There are 2 protein chains.
Amino acid sequence: MISETMCRLGKHKSVIREIFEYSKERAAKIGAENVFDFSLGNPNVPAPDSVKDTIRKLLDEKDDLYLHGYTSAQGDADTRQAVAEDLNRRYGTHFHADNFYMTCGAAASLKICLTALTVPGDEFLTFAPYFPEYQVFVETAGASFRPVQTEEGTFQIDFEKLEAALTEHTKGILVNSPNNPSGVIFPEAAVQKLAELLREKSEAYGHPIYLIADEPYRELAYGKDVPYLTKYYDNTLVCYSYSKSLSLPGERIGYILVPDELEDCQDMYAAVCGAGRALGYVCAPSLFQHVIAACAGQVSDLGVYRENRELLYGSLTEYGYECVYPDGAFYLFVKALEEDANAFCERAKKYELLLVPGDDFGAPGYVRIAYCVTTHQIRRSLPAFRALAEEYGK
Amino acid sequence: MISETMCRLGKHKSVIREIFEYSKERAAKIGAENVFDFSLGNPNVPAPDSVKDTIRKLLDEKDDLYLHGYTSAQGDADTRQAVAEDLNRRYGTHFHADNFYMTCGAAASLKICLTALTVPGDEFLTFAPYFPEYQVFVETAGASFRPVQTEEGTFQIDFEKLEAALTEHTKGILVNSPNNPSGVIFPEAAVQKLAELLREKSEAYGHPIYLIADEPYRELAYGKDVPYLTKYYDNTLVCYSYSKSLSLPGERIGYILVPDELEDCQDMYAAVCGAGRALGYVCAPSLFQHVIAACAGQVSDLGVYRENRELLYGSLTEYGYECVYPDGAFYLFVKALEEDANAFCERAKKYELLLVPGDDFGAPGYVRIAYCVTTHQIRRSLPAFRALAEEYGK
């Protein structure tokens with residue numbers, strides 16, 4: 001009598017969340033230091049000092065009504081202004097406060113955008129491998145989810161496959177670069193080609209095809225440029241979260257950017273506000289909105305991720321694992337050493353290695369290793385990775 | 001091409017939010033102290049000192065991963081345990097941590113419950129006057145919204161009207177006591193009668209009818225008992241927020257309670273988890289989850305609300321306004337001095353009195369006055385209320 005869909009979604013948790021729970025149980029049994037949990041994208045570097053300093057300063061100087069009261073539904077005006085200025089400084093854009101709608105993180109941003117856009121019959125594409133919750137968000141918004149395979153071996157856009165997947169029902173494409181789980185970044189040439197194709201198809205179908213840029217990993221790009229999509233394609237919505245850049249994943253703070261260039265941008269912004277309202281979002285958490293007003297331009301010290309990448313990529317490829325060298329994010333997406341990645345992950349558990357099978361990412365036969373852990377953990381886990389490879393005769 | 005429903009919801013903001021925006025504009029023009037804004041339920045008393053103390057202590061003692069990292073989707077276990085213990089202490093209940101799912105506030109709690117429950121064809125009832133967003137949450141969850149008028153002059157449950165409204169499609173009833181906007185509390189006798197009727201009807205229709213208790217005002221009851229609904233009716237879901245009790249409305253922190261007594265409670269809890277996931281809620285804000293773990297049993301100093309109630313109720317009835325004496329919450333629900341409450345509110349604006357017309361609350365001809373403001377503001381506004389009444393020949 002209750003919703004079967006919701007019951008199923010609750011029982012069959014995201015595979016990542018399920019491993020996260022298993023990990024906590026296991027840690028309680030054998031000690032956290034003996035569980036090599038590579039399952040969750042939970043940043044392990046602290047927030048910049050300025051975050052703590054800002055919170056203390058706010059507590060000392062501001063009254064409670066300002067700190068903890070409701071903000072406007074779209075977010076505190078100073079916060080949105082600070083976000084606009086930060087992006088304009090970094091990307092030479094011309095955003096203003098009213099382009100932004102503050103949200104409870106990237107998941108909320110995505111769900112709100114999809115709800116704002118979807119009419120019955122719509123299809124959303126994304127490039128595989130992809131973050132598994134995309135499917136949940138798209139389908140429960142009432143649209144169809146259509147993953148498009150990328151190029152074998154590089155995870156870059158396969159334009160032939162993309163063109164074959166586009167139909168008059170395509171409402172938008174979810175783009176995630178740097179990518180979770182592959183770490184791949186789409187370079188400028190690919191973005192330009194993508195933009196051209198979508199302009200052509202929008203023209204042909206007589207309606208815009210939207211890009212939805214899911215950008216929590218934007219700042220986690222090790223020396224590579226991450227093209228800012230609104231500069232290449234007008235009908236782009238940007239979904240952002242400070243989870244990774246400021247190491248605040250639990251605080252649920254991010255935004256949706258609706259640029260002026262987007263077709264009927266006023267209506268789109270209204271639909272974003274309406275969707276936020278319908279989904280039960282009243283405003284983004286107020287204290288952390290004020291933190292963002294002060295810290296929008298800051299980034300946690302991400303050096304450890306780079307170091308982890310080198311150590312893990314170097315060691316694993318030496319042991320006989322295969323994977324694409326990741327330019328960004330904090331994941332290695334490694335070929336499982338047997339066809340069934342689930343079976344491989346189960347075998348890895350024997351060594352207390354918690355890896356995520358790629359099936360739910362639309363890439364069976366792969367596993368995701370989140371290296372947002374201490375370098376110490378990675379070093380301690382290497383014998384386990386080696387022993388696991390040896391079990392497969394590597 | 002985008003969702004018309006969402007666009008409409010975004011453009012036609014909640015009337016309260018619209019007045020909130022008008023108020024900010026007006027304050028910028030003539031000074032905040034000259035705008036008598038009674039529109040928003042934004043608590044004006046500070047959070048208890050323990051909230052600030054707890055935040056400072058957490059910042060000093062805990063690492064960032066604990067403070068700001070993801071918690072389990074259902075919420076930090078210590079937080080849920082603290083919430084359970086607080087309720088058990090106050091109401092003699094026997095809840096445990098796993099009965100609770102932490103949320104981003106009451107709106108999220110309601111939307112998640114409605115999404116978890118709804119299957120096509122469902123109807124939800126509520127008692128008018130009601131919080132206007134109920135209609136948005138119910139309808140966008142895919143169900144029909146059916147308000148039931150209460151008794152003229154008391155706003156208590158009219159059981160004849162309720163019985164007439166119940167059908168085999170009734171999935172649940174939203175109960176809000178103390179009530180926004182009337183301040184009315186449903187006494188024990190009414191709750192018992194309601195529970196009996198619903199047991200009888202559930203039996204007759206062959207499926208449970210759920211009570212959804214929306215309880216942000218539970219602690220704002222001036223000397224009256226507020227019956228705890230799970231003790232009277234098994235199929236009760238409680239939606240709670242710390243917005244009012246701890247004066248933290250902007251922080252978006254609350255919970256859903258799924259008691260063991262509820263039919264198929266495991267499935268219900270799973271559906272709540274699934275709905276939270278589908279709606280883009282990853283976890284409730286982590287720092288404030290930890291604050292709740294320490295402060296669940298605290299309440300802001302609510303004495304000022306009581307003082308405001310006496311002053312405002314006394315003065316307004318003296319000037320010739322009619323209203324039910326409110327036992328709880330921080331609202332007076334006053335009869336407009338002309339038939340059209342919207343016209344009355346427009347006229348009140350001339351005196352810089354910002355009141356909310358009752359139409360969206362399902363009670364045309366009334367206006368809501370939120371007295372969660374300073375007593376000083378109320379004192380200063382009294383001549384305006386008197387002049388407004390005199391305009392109507394009172």
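Because the structure is a prediction, the values reported are computed rather than measured. Reminder, nothing fancy here: chain letters follow the sequence lines and each chain counts from 1.
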Checklist entry - To the nearest 0.5 Å, what is the distance between NZ (B:Lys52) and CG (A:Leu67)? => result 5.5 Å
Checklist entry - When rounded to the nearest 0.5 angstrom, what distance separates OH in B:Tyr70 from CD in A:Glu251? => result 11.5 Å
Please determine, among [options], the option with the most heavy-atom pairs under 4.5 Å with chain A.
options                      : value
B:Ala106, B:Gly10, B:Pro249  : B:Pro249
B:Leu246, B:Asn42, B:Leu117  : B:Asn42
B:Gln266, B:Met268, B:Glu133 : B:Glu133
B:Thr71, B:Val51, B:Ile253   : B:Thr71
B:Ala275, B:Gly274, B:Pro120 : B:Gly274
B:Leu248, B:Leu59, B:Val136  : B:Leu59

Flag the one option from [options] with the top tally of heavy-atom pairs under 4.5 Å to chain B.
options                               : answer
A:His207, A:Gln74, A:Lys24, A:His68   : A:His68
A:Ser286, A:Gly69, A:Pro43            : A:Ser286
A:Cys273, A:Ser109, A:Ser247, A:Ala73 : A:Ala73
A:Thr5, A:Asp122, A:Leu287            : A:Leu287

Mind listing the closest non-hydrogen atom pair of [X] and [Y] along with its distance?
X        : Y        : answer
A:Lys171 : B:Ile2   : NZ-CA, 4.2 Å
B:Gly250 : A:Cys283 : O-SG, 4.0 Å
B:Asp60  : A:Arg56  : OD1-NH2, 2.8 Å
A:Cys7   : B:Ala270 : O-CB, 3.9 Å
B:Met6   : A:Thr115 : CG-O, 3.4 Å
A:Leu279 : B:Lys111 : O-CG, 3.4 Å

Heavy-atom contact with chain A under 4.5 Å, split by part of [X]:
X        : value
B:Glu263 : neither
B:Thr118 : backbone
B:Leu65  : side chain
B:Arg252 : side chain
B:Gln289 : neither
B:Ala141 : neither
B:Glu139 : neither
B:Phe20  : side chain
B:Leu40  : side chain
B:Val282 : both

Next on the checklist: Test side-chain contact (heavy atoms from CB on, under 4.5 Å) on B:Glu4 and A:Val119; report intermediate values, then the result.
Outcome noted: CA-CA 8 Å; B:Glu4 268 177 43; A:Val119 296; over 6 Å; no
Checklist entry - Given a strict heavy-atom distance threshold of 4.5 Å, which part of A:Thr140 is in contact with chain B: side chain, backbone, both, or neither? => result side chain
Item to check | Pairwise side-chain contact, B:Tyr281 with A:Cys104, heavy-atom cut-off 4.5 Å (strictly under) | outcome: no
Checklist entry - Hey, are the side chains of B:Glu21 and A:Ser72 touching, using non-hydrogen atoms and a 4.5 Å cut-off? => result yes
Next on the checklist: If you count every heavy atom of other residues, nucleotides or ligands that lies below 6.0 Å from B:Glu203 atom CD, does the total exceed 12?
Outcome noted: no
